[in-house]
Amino acid sequence: MQAARFPLLVRHAVHSTATGRIAHDVTKVMLVNSGSTTLRHETGELVLHQGDVVLLPSGQWYAGEPAGLVVTTTAYIDTEYLQQQMRWIPDLGGTALWTPADNCSFPPLVIELPAATLPHLDATFRTLLDGQMRVEPSFHRLAHVAEFLDVLARHNGSRTPEHAVLRRAITLLLERLEEPWSISTLAEAVSMSTSQISRLFREHLGMGPAEFLRKERARRMAGLLLTSSDPVEAVAQRVGWAQASHASRAFRHTHGVSPLQYRRTHRPQTHP
């Protein structure tokens, strides 16, 4: 009988060269201990500096490009375990973007912890690492996991309203991608001003709503080009681009090639 996997693993790493695309089926929380790095992901990139804490949702690829030497500590959290904690511990609900809605791929999010919280978070990371190295009893390690989640939840509780609005806005865009969104219609849908919703996206996602929507449409279109035989124009309309010429320019801006070239290059060849 296979032993159950512990729900949280911590790794301390030093990077000086770029890493290729890596995908995990776990939720990750990464602390940049020193240095800075560019984190690339499916819909864009984030520039992270010392003291930044970023939440990386599961099921997506990430690649890092450090500027010199960068030291990070990362918690790999079993996503199902995390969802269970959110059901039983209401305070964790303050972190409104921990677990994306079904079929929605949320981009990574910078968690803005106050400077006074960072030493506590770093100490909790080190305690979890020590528990792994000493093969500490599982209940003791689970207590440390609870403390780790508590450090993040207590801070994010003060930002619950904004996180909830951001989650709602992202969910609307992802679930109704085909609609002719504008910043004003999105802002109205979540009862915010255009400047407020733009600020939220830029603070937490590193891009504005329009850029997020363009990259998500291009990502979704890329998948459809490989899994369907529909004409490029029809695929473009399915993801919300009414004009094929506009879709082609936006797609090329994200993927570097036209939709037709992408399909020819990446679609598996069928042989009789």
Side-chain angles (χ1 to χ4, degrees), residues 8-79 82 95 97-100 105-130 132-133 148-149 151-152 155-156 159 163 166 170 198-209 211-212 214-216 218-219 222 253-256:
L8 188 146
L9 178 70
V10 174
R11 289 177 180 163
H12 191 68
V14 179
H15 301 282
S16 58
T17 59
T19 61
R21 295 181 178 183
I22 301 174
H24 291 282
D25 61 351
V26 295
T27 299
K28 297 190 289 184
V29 176
M30 183 177 74
L31 166 66
V32 181
N33 300 97
S34 64
S36 61
T37 185
T38 299
L39 177 72
R40 308 192 190 284
H41 53 93
E42 292 186 9
T43 56
E45 62 183 42
L46 286 173
V47 178
L48 303 172
H49 303 283
Q50 179 177 343
D52 283 343
V53 180
V54 61
L55 170 68
L56 309 176
S58 63
Q60 302 180 46
W61 64 258
Y62 303 98
E65 189 174 316
L69 196 69
V70 61
V71 180
T72 62
T73 307
T74 305
Y76 298 75
I77 313 171
D78 182 88
T79 303
L82 187 56
T95 313
L97 290 160
W98 278 84
T99 50
S105 53
F106 284 102
L109 294 168
V110 175
I111 304 174
E112 298 179 3
L113 296 175
T117 305
L118 290 175
H120 190 181
L121 179 64
D122 187 53
T124 308
F125 267 128
R126 284 187 275 106
T127 299
L128 286 164
L129 272 170
D130 290 344
Q132 289 172 192
M133 297 177 64
F148 170 76
L149 295 177
V151 171
L152 299 173
H155 165 72
N156 281 297
R159 298 181 62 86
H163 279 171
L166 182 58
I170 292 173
S198 296
R199 176 183 60 80
L200 275 182
F201 269 77
R202 294 191 182 282
E203 282 185 1
H204 296 283
L205 306 184
M207 67 185 84
E211 185 180 359
F212 172 80
R214 174 177 59 79
K215 290 184 175 182
E216 182 58 29
R219 187 187 72 83
H253 189 273
T254 299
H255 293 286

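If you're wondering where the values come from, they're calculated on a predicted model, not measured in any experiment.
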Enquirer: Tell me whether the rings of Y76 and H24 are parallel (<30°), tilted (30 to 60°) or perpendicular (>60°).
Expert: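 Perpendicular.
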
Enquirer: Using side chain to side chain contact (heavy atoms under 4.5 Å, CB included), reason through H15 and T37 one step at a time and then give a plain yes or no.
Expert: CA-CA 9 Å; H15 301 282; T37 185; over 6 Å; no

Enquirer: Which heavy atom of V10 sits nearest a heavy atom of Q132, and at what distance?
Expert: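 Where V10 meets Q132 most closely, the heavy atoms are N-OE1, 2.5 Å.
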
Enquirer: CG of D25 to CG of D78: how many Å apart, nearest 0.5 Å?
Expert: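 These two atoms lie 7.5 Å from each other.
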
Enquirer: Roughly how far, to the nearest 0.5 Å, is CG of L31 from OG1 of T124?
Expert: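 T124 OG1 to L31 CG: 10.5 Å, rounded to 0.5 Å.
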
Enquirer: Go through it in stages, so that I can follow the logic: the residues are T254 and R219, the test is side chain to side chain donor-acceptor pair (under 3.5 Å), and I'd like the CA-CA distance, side-chain angles, deciding distance and then a yes or no.
Expert: CA-CA 8 Å; T254 299; R219 187 187 72 83; over 6 Å; no

Enquirer: For the pair V26 and I77, evaluate side chain to side chain contact (heavy atoms under 4.5 Å, CB included) and give the outcome as yes or no after the intermediate values.
Expert: CA-CA 6 Å; V26 295; I77 313 171; 5.9 Å; no

Enquirer: Measure the CZ-CG distance between R11 and L128 for me, rounded to the nearest 0.5 Å.
Expert: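 R11 atom CZ to L128 atom CG measures 14.0 Å (nearest 0.5 Å).
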
Enquirer: Of all heavy-atom pairs between L8 and F148, which one has the smallest distance, and what is that distance?
Expert: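 In this case the closest contact between L8 and F148 is CD1-CD2, 4.0 Å.
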
Enquirer: Looking at P108 and V54, what are the two nearest heavy atoms and their distance?
Expert: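 Residues P108 and V54, closest heavy atoms: CB-CG2, 4.0 Å.
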
Enquirer: Check this for me: H12, atom NE2, are more than 12 non-hydrogen atoms of other residues, nucleotides or ligands nearer than 6.0 Å?
Expert: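 More than 12 within 6.0 Å, yes.
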
Enquirer: Taking all heavy atoms of V32 and all of T72, pick out the closest pair and write down the distance.
Expert: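 Heavy atoms of V32 and T72 come nearest at CA-CG2, 4.4 Å.
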
Enquirer: Within the side chain of H41, is there an N or O that forms a donor-acceptor pair under 3.5 Å with the backbone of Q60?
Expert: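 No: the side chain of H41 does not pair with the backbone of Q60.
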
Enquirer: Working to the nearest 0.5 angstrom, can you tell me the gap between Y62 OH and T19 OG1?
Expert: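 Answer rounded to 0.5 Å: 12.5 Å.
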
Enquirer: For the backbone of G208 and the side chain of S198, can you confirm whether one donor and one acceptor N or O come within less than 3.5 Å of each other?
Expert: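 No: the side chain of S198 does not pair with the backbone of G208.
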
Enquirer: To the nearest 0.5 angstrom, please state how far the CG atom of L39 sits from the CG atom of L56.
Expert: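 Spacing of CG (L39) from CG (L56) equals 6.0 Å.
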
Enquirer: Can you list the steps and then say if K215 with M207 is a side chain to side chain contact (heavy atoms under 4.5 Å, CB included)?
Expert: CA-CA 10 Å; K215 290 184 175 182; M207 67 185 84; 4.3 Å; yes

Enquirer: Working to the nearest 0.5 angstrom, can you tell me the gap between N33 CG and T73 OG1?
Expert: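 Interatomic distance, N33 CG to T73 OG1, rounded to 0.5 Å: 3.5 Å.
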
Enquirer: Could you report the tightest heavy-atom contact between L69 and S16, atom names first, then the distance?
Expert: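 Nearest pair, atom of L69 first, then S16: CD1-CB, 3.9 Å.
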
Enquirer: Is any side-chain N of the basic residue among R126 and D130 closer than 4.0 Å to the acidic one's carboxylate O?
Expert: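 D130 and R126: not salt-bridged.
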
